[in-house]
**Student:** 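Following this message is one structure expressed as C-alpha cells.
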Protein chains: 2
Amino acid sequence: MKNSPLYKGSLSTIVLKLLEENSRMYGYEITQKVKELTAGELNITEGALYPSLHKLEADGLLQAEMVHIGNRMRKYYRLTETGKKETADRLYELKAFIEQMQLILNTNLTNPQGI
Amino acid sequence: MKNSPLYKGSLSTIVLKLLEENSRMYGYEITQKVKELTAGELNITEGALYPSLHKLEADGLLQAEMVHIGNRMRKYYRLTETGKKETADRLYELKAFIEQMQLILNTNLTNPQGI
DNA sequence: ATCTTTTGCATAAGACTCTTATGTATCCAA
DNA sequence: TTGGATACATAAGAGTCTTATGCAAAAGAT
C-alpha cells in the first residue's frame with residue numbers, strides 16, 4: 001500500500017529498532033526485513049534508507065563495518081552505546097505517539113478496544 | 001511534548017477525523033481540541049494548520065464558511081461529500097499504519113499485548 | 001550462453017510537510 | 001492599560017521522503 005505519508009518520520013526509529021533486535025544488519029537486509037514483518041505493506045525505498053543510515057552513523061548512533069562477500073561488499077551497521085540509549089528514547093516516543101493517535105481516533109465508540 | 005518527527009504526515013488526517021466527529025470547526029478550535037484530547041502532548045502549530053486547511057479546501061475535501069462573532073471573524077470548516085469519503089480512506093490507512101508499526105515494535109516479547 | 005531479476009551500494013533533484021518567525025487584530029481580565 | 005488568549009495569515013528554511021538514475025556482482029531462467 002504505497003507507503004502512506006504517515007510513514008514519514010518513522011524510518012530511522014524502525015531502523016534503530018531492528019538493530020536493537022538483530023545486533024548487526026546491512027541496508028538491503030533492512031528493507032527485506034521490514035517488508036517481511038509487514039507482509040509487504042511497508043516498503044522502505046533505498047533512496048530513503050541509505051541517506052538515513054548515513055545520518056545515523058554521522059550522528060554517532062550507528063557504526064558501520066564493511067564485509068566482503070565473495071566479490072561484493074556489504075555494509076553492516078550496529079548500534080553504538082549512544083545509539084542504544086537513543087533507541088530506547090525513540091521507541092518510548094513512538095509508543096506515546098501511537099497512544100496519542102489512538103486517543104484522537106477513538107473519540108467515537110465504533111471501535112472501543114482500539115485496533 | 002515537542003511534537004516528535006513522527007507527527008509528520010498525520011496532521012491532515014487528524015483534522016479530517018475531528019471534522020467527521022464535529023461537523024464544523026474553526027482553526028483555533030482544532031488546535032485546542034487536539035491539545036485537550038492528548039492532554040497537552042500534541043500541539044498543532046498555526047503555521048502548520050492553516051496551510052493544511054487551505055490545501056484541504058483547495059482539494060475539495062473541506063468547505064469554508066466565514067462567521068462574524070462580534071467584531072471578529074471565524075472561519076468554520078466542514079467536510080464535503082468527497083471529504084467524507086476521503087476521511088474514511090485515510091482513517092483506514094492510519095489504522096493500518098499503526099498496525100504495521102506495532103508489528104515492527106512487537107518483534108520481541110517484552111510487551112506482548114502492545115502498548 | 002545470454003538475458004533478466006535479485007542483490008547491494010550510492011547520490012541528486014524535487015516534492016511535501018512541518019517549524020519558527022512574523023504580522024495583524026480583537027477580546028478579556030488584572 | 002497591559003498582557004494573555006483568541007483568531008486569522010504568510011514566508012523562509014529545515015527535514016524527510018519519492019523518484020530517477022547509476023554502477024556492479026550474483027543467481028536464475030530460457
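The structure presented is a predicted model; accordingly, all values stated were derived computationally and were not measured. Below, read A as the first sequence line, B as the second, and so on, with proteins coming before strands; counting in each chain starts at 1.
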**Student:** Which protein N or O atoms sit under 3.5 Å from an N or O of nucleotides 28-30 of chain C?
**Tutor:**
none

**Student:** What integer distance in Å separates B:H68:NE2 from D:dA7:P?
**Tutor:**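 Atom-to-atom, B:H68 to D:dA7, this comes out as 13 Å.
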
**Student:** Which residue pairs pass the ring pair (Phe, Tyr, Trp, His ring centres under 6.0 Å) test when at least one of the two sits in residues 58-83 of chain B, sequence neighbours left out?
**Tutor:**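 Matches after skipping sequence neighbours: B:Y26-B:Y76.
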
**Student:** Mind checking side chain to side chain donor-acceptor pair (under 3.5 Å) for A:K55 and listing every partner two or more places apart, or none if nothing turns up?
**Tutor:**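 Listed in chain order: A:D59.
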
**Student:** Would you call A:R90 and A:E86 a salt bridge, using N to O less than 4.0 angstrom?
**Tutor:**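 Salt bridge flag = yes for A:E86 with A:R90.
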
**Student:** Using five base pairs at each end, measure the axis-to-axis angle across the helix from C:dA1-D:dT30 to C:dA30-D:dT1 and round it to 10 degrees.
**Tutor:**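 Rounded value for the end-axis angle: 20°.
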
**Student:** Let me know the distance between CD of B:E65 and C1' of D:dC8, rounded to the nearest Å.
**Tutor:**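 From B:E65 CD to D:dC8 C1': 16 Å.
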
**Student:** When Ile, Leu, Val, Met, Phe, Trp and Tyr are grouped by side-chain heavy atoms lying under 4.5 Å apart, directly or through other members, which residues fall in the same group as B:M66?
**Tutor:**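 Under the 4.5 Å side-chain rule, B:M66 groups with B:M73.
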
**Student:** CD of A:Q63 to CG of A:L56: how many Å apart, nearest 0.5 Å?
**Tutor:**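 If we round to the nearest 0.5 Å, A:Q63:CD and A:L56:CG are 13.0 Å apart.
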
**Student:** Between B:L49 (CG) and D:dT10 (P), how many Å, whole number?
**Tutor:**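 Answer to the nearest Å: 12 Å.
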
**Student:** Just the rounded figure in Å: distance from C1' of D:dT16 to CZ of A:R90.
**Tutor:**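 Nearest whole value for this atom pair: 12 Å.
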
**Student:** Using a cut-off of 4.0 Å between protein heavy atoms and nucleotide atoms, how would you tag nucleotides 6-16 of chain C 5' to 3' with B, S and -?
**Tutor:** SBSBBB-----

**Student:** Mind checking side chain to side chain donor-acceptor pair (under 3.5 Å) for A:T31 and listing every partner two or more places apart, or none if nothing turns up?
**Tutor:**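 For A:T31 there are no side chain to side chain donor-acceptor pair (under 3.5 Å) partners, ignoring immediate neighbours.
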
**Student:** Using the salt bridge (charged side-chain N to carboxylate O under 4.0 Å, His left out) criterion, which residues pair with A:E46? Sequence neighbours excluded.
**Tutor:**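 Counting only residues at least two positions away or on another chain, A:E46 forms no salt bridge (charged side-chain N to carboxylate O under 4.0 Å, His left out).
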
**Student:** Tell me the interatomic distance from B:K33, atom NZ, to D:dA7, atom P, rounded to whole angstroms.
**Tutor:**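 Computing the B:K33:NZ to D:dA7:P distance gives 15 Å.
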
**Student:** What pairs with B:E36 under side chain to side chain donor-acceptor pair (under 3.5 Å), at least two apart in sequence or on another chain?
**Tutor:**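 Partners of B:E36 by the side chain to side chain donor-acceptor pair (under 3.5 Å) criterion come out as none, since no residue qualifies.
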
**Student:** Please name all residues satisfying side chain to side chain donor-acceptor pair (under 3.5 Å) with B:S52, sequence neighbours left out, ordered by chain then number.
**Tutor:**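 Applying side chain to side chain donor-acceptor pair (under 3.5 Å) to B:S52 gives none.
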
**Student:** Checking B:K84 now: which residues fulfil salt bridge (charged side-chain N to carboxylate O under 4.0 Å, His left out) with it, not counting sequence neighbours?
**Tutor:**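 Testing B:K84 for salt bridge (charged side-chain N to carboxylate O under 4.0 Å, His left out), a comparison that skips the adjacent residues, returns B:E81.
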
**Student:** Specify the separation, in whole Å, of atom CG of B:L42 and atom P of C:dT17.
**Tutor:**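 One finds 17 Å between P of C:dT17 and CG of B:L42, rounded.
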
**Student:** Take the protein atom CZ of A:F97 and the nucleotide atom P of C:dC18, then report the distance between them rounded to whole Å.
**Tutor:**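 Going from A:F97 (CZ) to C:dC18 (P), I get 10 Å.
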
**Student:** Excluding sequence neighbours, so at least two apart, what forms salt bridge (charged side-chain N to carboxylate O under 4.0 Å, His left out) with B:R72?
**Tutor:**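 So B:R72 forms no salt bridge (charged side-chain N to carboxylate O under 4.0 Å, His left out) with any residue.
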
